[in-house]
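Below is one structure, written out as structure tokens, with a few remarks after it.
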Amino acid sequence: MSTNSKKTFFVTTPIYYVNDVPHIGHAYTTIIADTLARFHRLAGQDVFFLTGTDEHGQKIEKAAAEKGLTPKALADAVVGRAQDLWKALDISHDFFVRTTMDFHEKGVQKLFKILLDKGDIYKGEYKGWYCVSDENFLSDDVPLDAESCKTCPDCGKKASLVSEETYFFRLSAYQDRLLKLYEDHPEFVRPQSRLNEVASFVRGGLKDLSITRTTVKWGIPVPGDPKHTIYVWFDALFNYVTAIGYDWNMARYEKFWPADVQLVGKDILRFHAVYWPAFLMAAGLPLPRTVFGHGWWLKDDTKMSKSKGNVLDPHVLLKVFGPDPLRYFLLREIPIGQDGNFSHEGFLHRVNSDLANDFGNLVQRTLTMIGNYFGGAIDDPASETAEDAKVRTDFEELKGRVFDLYEACTLNKALEEIWAYIGMVNKYLADNEPWIMAKDASRRPRLARVLLQAAAAIRGASYLVYPVMPRSVEKVWGFLGETKKPADVLWEALDFGGFGPGRKVGMPQALFPRVALKDFLGEEAGPPAAAPAAGPEPIIKGANIMDIITYDEFRRMDLRVAQILEAERVPGATKILKLKIDIGTEQRQMIAGVAETYTPEELVGRKLIVIVNLKPAVIRGIESQAMLLAAITPDNKAVIPFFDRDIQAGAIVK
Ligand code: ME8
């Protein structure tokens, strides 16, 4: 673990256009930034996390006109929806900048004037091709097509020919200084492969950049020459300094600038790695330490983008899963520089296996066993064996490695390492079989030690995941009886022994829903249509509706919530498990035909519905004193309906 001596940490996202509401791609950048911000806060640094919206320019002017709104009215509407999304995703930004804010407009005008007075901005005539969608001037080497038009090489849309008086920024004068920057500070652009792309672009020669428009009204007026408005990228890039206080809160500006990490999608890396440092050099301001160009989320192998209309709306996922599964998935699935293909199958697979099975189940089982066997507070654990000690020492090493990985922005690796540890703790529990130990009073101190070790591991591992899944980890810490929130504990102060004997834990509630693809796609498609009138053919073979019974007949079934206390295989039987259940008033044993769908370990602690007044049956020589309810899949496997919130054992089901 490296010791980070720097006291502050400043991270930014791009400011998003307000032509439409943000989608999963925008959420991705913002979630990366949020995770870094939360990590650096845990590391004890004074963090500033900036995001916001880019509200001027031709693209917004055009989108507003199409919707019959003024640009400001469009911006106001979209900003509200963007802020709601960031709230739903638990984004912890310190400031939300809008380029229509007064201090920003004044700051940009001041910087324009400084560059003009210095001679880095001069007036001339621009004739060339402009792409409105990307707000970008095309380079001369883009060829004319058959209709004598040019097409934007980045977004594939038709560009328009513009010819107007303009102010130029003397970009050509910065070519050598930019190349020297990339050479002296290769960390200025990450990942390395992108640095090479940027450097070769600059080596190819830079032309002066037109930075004002007379045909665009929706922009910041040029000081002293208001028939010109300032080019939207000159305006937007300077948000990073105006928003933290340049020219209006200099103490804060000086405290945080230069930014430590500026996150951008690879689509806008050139603006941030070429124009932006050149503007800053011209203004005599320090340069950011790193511009990180991340990859794209693709849908069906095409970049998800508002203009292509193939975007995924994060609200659909948030409604079903809450923020953490999406945060986890986006960060775990790909390294920050690479592209990823978003599929619902991939998403559900990760969520069900990593979150519901590996992490959620570990929490659920461990805490339920502490509740059942120790009344919620572990006492008198045996001293550590070598195997127990390994759970602790592995954690201590993991903590150091994960620190370095977060610091290096290798978030997928950090999660991979944490999940390897979670897998190891799951195995430790399975190998020790605490549910068997619990039957033997003489093994109680061992049982105490194993559960103590598992609970301490859960507390520690979940803390390491906190920057990625803050809401779930707060819940886990609550179940563990912690009075502090993870955010109140500094990284260096977090120790494995923080969970000790005597700590009273609560009963866990479901952390991550386990959702089947077909249910989820049904959800995404909206509420199901009204059931069609019953036809002659049943929808599922063999599922003919049975004869009508009266309510009184139904009421004769005594259905209860039961909690599974123990589960074990029955020697020689592949389909059944023997369960010990608590039905509120008493404990019973039962046989359940669920061994092909569930392992004994994943059932312990879970609550389900059983019928408790069915005549007992003897199966494989064992008396079954209850029967559980389960749905049957087409290949005859039993799937148990669990509850979506906690409910006490013994509750009546009717
Ligand atoms: O470019 N995958 O705003 P914008 C990953 N206003 N990230 C994606 C993405 C995808 N499919 N689609 C968008 C602008 N993004 C300017 C920025 S900054 C001074 C001005 C993310 O609304 C990614 O971060 O088009 C990309 O850079 C940004 O959204 C573009 O957002």
Side-chain angles (χ1 to χ4, degrees), residues 11-34 50-60 63 74-75 78-79 81-82 85-86 91 96-100 104 107-108 111 131-136 152 154-155 157 194 219-220 230-243 259 261-277 279-280 288 291-314 326 329-331 333-342:
V11 60
T12 66
T13 72
I15 46 171
Y16 304 111
Y17 286 130
V18 286
N19 59 321
D20 212 341
V21 284
H23 57 74
I24 282 188
H26 305 103
Y28 178 53
T29 322
T30 316
I31 290 168
I32 299 173
D34 187 64
L50 176 67
T51 190
T53 42
D54 187 355
E55 304 191 1
H56 291 126
Q58 203 169 350
K59 184 178 173 111
I60 311 303
L74 173 65
V78 173
V79 161
R81 292 182 59 194
L85 177 61
W86 299 154
I91 300 301
F96 188 99
V97 64
R98 301 182 56 178
T99 51
T100 45
H104 172 75
V108 169
L111 287 153
C131 167
V132 177
S133 183
D134 284 0
E135 298 277 19
N136 192 19
C152 172
D154 294 328
C155 71
K157 298 212 162 160
R194 301 235 185 278
I220 303 176
I230 296 177
Y231 173 43
V232 63
W233 273 101
F234 186 92
D235 161 354
L237 285 163
F238 276 113
N239 92 84
Y240 300 127
V241 292
T242 62
V261 181
Q262 300 212 263
L263 289 158
V264 299
K266 63 182 180 182
D267 47 331
I268 56 170
L269 185 64
R270 188 180 295 173
F271 295 94
H272 284 81
V274 181
Y275 300 170
W276 178 222
F279 291 161
L280 287 168
V291 174
F292 209 130
H294 66 67
W296 286 337
W297 279 100
L298 314 170
K299 180 89 187 101
D300 307 322
D301 296 314
T302 316
K303 179 183 181 247
M304 235 184 261
S305 84
K306 291 178 270 203
S307 28
K308 292 207 186 83
N310 65 341
V311 297
L312 284 172
D313 178 358
L326 180 60
F329 175 79
L330 293 177
L331 300 183
E333 203 66 5
I334 48 168
I336 292 182
Q338 280 176 21
D339 290 350
N341 216 342
F342 195 102

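Just follow the structure's listing: the first ligand is 1, and inside any ligand the first atom is 1. What's counted below: heavy atoms across the whole structure, side chains too, no hydrogens, waters or symmetry copies.
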Q: Ignoring angles and geometry beyond distance, decide whether Gly295 reaches within less than 3.5 Å of ligand 1 through its nitrogen or oxygen atoms.
A: no

Q: Keeping the roles fixed (side chain from Glu135, backbone from Gln58), state whether a donor-acceptor pair exists under 3.5 Å.
A: yes

**Q.** Sub-4.0 Å atoms of ligand 1 with respect to non-hydrogen atoms of Ala236
**A.** 19 (C)

(Q) Under a 4.0 angstrom heavy-atom cut-off, which atoms of ligand 1 come close to Asp54? (A) 6 (N), 16 (C), 20 (C)

(Q) Checking Trp297 against Phe329 for the ring pair (Phe, Tyr, Trp, His ring centres under 6.0 Å) test, could you report, in this order, the C-alpha distance in whole Å, the side-chain angles of both residues, the deciding distance, and whether it holds? (A) CA-CA 12 Å; Trp297 279 100; Phe329 175 79; 5.8 Å; yes

**Q.** Heteroatom distance test (Asp267, ligand 1): nitrogen or oxygen, under 3.5 angstrom
**A.** yes

(Q) Does any part of the side chain of Thr29, heavy atoms only, come nearer than 4.5 Å to the side chain of Tyr16, both counted from C-beta? (A) yes

Q. Between Val264 and ligand 1, is there a nitrogen or oxygen pair with a distance under 3.5 Å?
A. no

(Q) Suppose I only count heavy atoms of His272 and a 4.0 Å limit; which atoms of ligand 1 are within that range? (A) 18 (S), 19 (C)

Q.
I want to know if ligand 1 touches Pro14 in the polar sense, i.e. an N/O pair below 3.5 angstrom.
A. no

Q | Heteroatom distance test (Trp297, ligand 1): nitrogen or oxygen, under 3.5 angstrom | A | yes

Q: Mark up the atoms of ligand 1 that fall under 4.0 Å of a heavy atom belonging to His294, in ascending order.
A: 5 (C), 7 (N), 23 (C), 24 (O)

Q. Is Asn239 in polar range of ligand 1, meaning some N or O pair under 3.5 Å apart?
A. no

Q. Can a non-hydrogen atom of Phe271 be found less than 4.0 Å from any atom of ligand 1?
A. no

Q. Which atoms from ligand 1 have a heavy atom of Trp233 less than 4.0 Å away?
A. 16 (C), 17 (C), 18 (S), 19 (C), 20 (C)

Q.
Pairs of nitrogen or oxygen atoms closer than 3.5 Å, one from Thr29 and one from ligand 1: do any exist?
A. yes

